[in-house]
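Order of the sequence lines sets the chain letters (A, B, ...), proteins ahead of strands, with each chain counted from 1. All heavy atoms count here, side chains included; hydrogens, waters and symmetry mates do not.
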Number of protein chains: 2
Amino acid sequence: MSTKPRRVTIHDVAKHAGVSAQTVSRVLNDHPDVSEATRARVQRAIAELRYRPSAIARSLIKRASGMIGVVASGFHFFGPAQLLAGIERQATELGWQLMLQVATDPSDYDRVATTLIAQQVEGVIWAYPELSSDRERAFHQQLRPHAPILFLSMEAGSGEAVLSVDNRLGARLAVEHLIARGRRHIGLITGPLTLWSAQQRRLGWEDALASAGLPHTERQVVQGDWSAESGCRGLRALLQQYPELDAVFVSNDQMALGVLYAAHQLGLRVPKDLSVVGFDNMPESACFIPALTTVHQDLFALGQLAVREMDRVIRARRAGKQAAIAPLMLQPRLVVRESS
Amino acid sequence: MSTKPRRVTIHDVAKHAGVSAQTVSRVLNDHPDVSEATRARVQRAIAELRYRPSAIARSLIKRASGMIGVVASGFHFFGPAQLLAGIERQATELGWQLMLQVATDPSDYDRVATTLIAQQVEGVIWAYPELSSDRERAFHQQLRPHAPILFLSMEAGSGEAVLSVDNRLGARLAVEHLIARGRRHIGLITGPLTLWSAQQRRLGWEDALASAGLPHTERQVVQGDWSAESGCRGLRALLQQYPELDAVFVSNDQMALGVLYAAHQLGLRVPKDLSVVGFDNMPESACFIPALTTVHQDLFALGQLAVREMDRVIRARRAGKQAAIAPLMLQPRLVVRESS
DNA sequence: CGTTAAACTGTGATCGTTCACGGGATTTTT
DNA sequence: AAAAATCCCGTGAACGATCACAGTTTAACG
């Protein structure tokens, strides 16, 4: 096979068009001070040589990489996948490249931070939904001098920019709905309680029970891991420790699927014997048996919003100004279907 | 707030350690010709200044970005998400950065190719599962001189490196299973037939029917779009145009969920009145009602394999050698559950 | 017609790192 | 003991683009 060809550079284009590299650069960047004739000649040269400017060389001199770092956890769950999709879409539209870093454990933070700094990202969207601990903050401090950080779905720390969905409100809507349907023994299957979003959903459940004057005990709560299978186990455990159960709020749709399955196996009829409400509103939820009542949260929009905010902050920063991100909570809404 | 601080460079470290930049570079890259004492001094300086070498400057001089481009389509479906997860994992392990490009339409190819070339990726994993047409090949040709390309789950073109799962075999296994269960009127709900994987699954269905001596007609086939909702519509359409239906092979699990839902609504009992087999084996499938018989394909492993192969090819290329990727098909396997 | 401004284009330095090369100090070889 | 080899470290150029500045040509004005 042929050997690796030398890259076409701006100088090749310049020579081919009979101008200087600077002029080619001006054409590339739409600077005004180029005559129409020259511009056309340069553009023809670019096309003929199939020249593509090196983003790397450009980043080096401009001290701006055009990249946004995204720190996320596994996208085998609906939420993170949706969020990432929104981020990706908006980033592409605004011309940003994403440097995706998957963290599966806080021990990854060091590697992630090192990589993001080395790649000189201009901003970081931190979508890894860990509880904010001192340990993590230390890493964030490492990152902060290099790039603004935007947190998604986390606890709002002091002076940190956080965007999220109002998980607590969503959960409350769900549980209030169950109460309105006459249920009084409402169980809860949570996500991993190390996560802020899972904690918030639990608080929402408590809020609703409290404002209806219903007491709650630990017997009503089981912790899952977001997976369908854990929802399945969760319902069995719940029935054992809290037999009077007549409804469950499940902290995500995937676990709710497991709950429906377990209920079916145990001969419980949903919603007659047991009402079920989920959280996420993934497209599949409408096809669960029975179709799932759930809380809709627009994580795609949240991802888009995050990138738009980041874009704003970075532009300000490039211009030497300082821009703050206004913390924001998106409102979820209840989607009522057959399971309640 | 404070102004943006100047980046710590290799020269700062050199000055701080009382050596030249070249020596610092040698320490960074584990070159032998540095005395232990100097090495230690440099490392201390690095730590004290929290110095992180600029990946950008390094890429420029080395003419190697350490990045692999990944072209994929939306990860709201299980397959692509799984694939991406595998790619990501292996890339992190081998120290590659990913430049993720999401294509939603062939019209995106130009932007994607331009970006990947500009970022100087050293290899491209093309996981966007479009049918290979001449139009696309042209874009691949554009990319090829810059970086080796590895295709996933596509038609093997002339001399192109393709890794995939044997979709056709998987589908055949599924349908043979239905035949072995005594079904004779086996419908098919396909994915978008512009996609190679969907075509292959259709061929597998035909294979199995043919080798069992069963004829098939167009009435037995409906096209979906991978979504649960389309599976739902699909079953209704199928029953209308082919009332003798006693089993369906559905080309992915998400559509199979829709099929189960529609069957339930129509009062069909699965598997008594209608057997259903899916494709993917997503974790949730075990919790469908009834639990879904499906074809397991290890896309995570495929993604990992793709990166390992790419790593091998790039290393060879850097060393001036030429390495080919051996085309490979992973074997799927049938997972029998309650729906058949 | 000379002066000034505007329009256009080129030169050299620069971003942060590594490569190619060279040279001095120390050790080993004959 | 001189020559050769080894070890250790530094200098200047290079990667491919842009920035700051300066120069040349053309148009506009009094």
Report task. Compare side-chain N and O positions of Arg63(B) against OP1 and OP2 of dT18(C) and report whether any pair is under 4.0 Å apart. Result -> no
Query raised in the report: Looking at Ser25(B), does any N or O in its side chain come under 4.0 Å of the phosphate oxygens OP1/OP2 on dT17(C)?
Result: no
Query - Spacing between Gln22(A) atom CD and dA22(D) atom P, to the nearest angstrom - result: 15 Å
Query raised in the report: Tell me: CD of Glu122(A) to C1' of dC15(C), nearest whole Å?
Result: 14 Å
Query raised in the report: Between Phe151(B) and Trp196(B), does the ring centroid distance fall short of 6.0 Å?
Result: no
Report summary line: Val19(B) has its side chain closest, among dG10(D), dT18(C), dC8(C), to dG10(D)
Query raised in the report: Can you tell me how far P of dC8(D) sits from CZ of Arg26(B), to the nearest Å?
Result: 11 Å
Query raised in the report: If you count the non-hydrogen atoms of other residues, nucleotides and ligands that lie under 6.0 Å from CZ in Arg39(A), is the total more than 12?
Result: yes
Query raised in the report: What is the distance from OH of Tyr51(A) to P of dG16(D), rounded to the nearest Å?
Result: 10 Å
Query raised in the report: Just checking, is any N or O donor in the side chain of Ser59(A) or Gln120(A) under 3.5 Å from an acceptor N or O on the other one?
Result: no
**Report entry** Value in whole Å for how far the P atom of dA13(C) lies from NZ of Lys62(A)
**Finding:** 22 Å
**Report entry** Out of dG10(D), dT18(D), dA17(D), whichever nucleotide has its closest atom nearest the side chain of Thr9(A)
**Finding:** dA17(D)
Query raised in the report: Are Thr115(A) and Gln119(A) close enough that a side-chain donor and a side-chain acceptor fall under 3.5 Å?
Result: no
Report summary line: Comparing His11(A) with Val34(B), nearest DNA chain D nucleotide closer to 5' gives the residue Val34(B)
Requested in this report: Could you state the atom-to-atom distance from CD1 of Ile46(A) to P of dA17(D) in whole Å?
Outcome: 10 Å
**Report entry** Spacing of Asn29(B) atom CG relative to dG16(C) atom P, expressed in whole Å
**Finding:** 18 Å
Requested in this report: Would you kindly give the CG-to-P distance between Leu60(B) and dA13(D), to the nearest whole Å?
Outcome: 17 Å
Query raised in the report: Is any side-chain N or O of Ser54(B) closer than 4.0 Å to OP1 or OP2 of dG16(C)?
Result: no
**Report entry** More than 12 heavy atoms of other groups within 6.0 Å of Arg41(A) CZ
**Finding:** yes
Query raised in the report: OP1 or OP2 of dC9(D) less than 4.0 angstrom from a side-chain nitrogen or oxygen of Thr38(B), does that happen here?
Result: yes
Requested in this report: Would you classify Ser20(A) as touching base, sugar-phosphate or nothing, given that sugar-phosphate means primed atoms plus P, OP1 and OP2, and contacts are heavy atoms under 4.0 Å?
Outcome: base
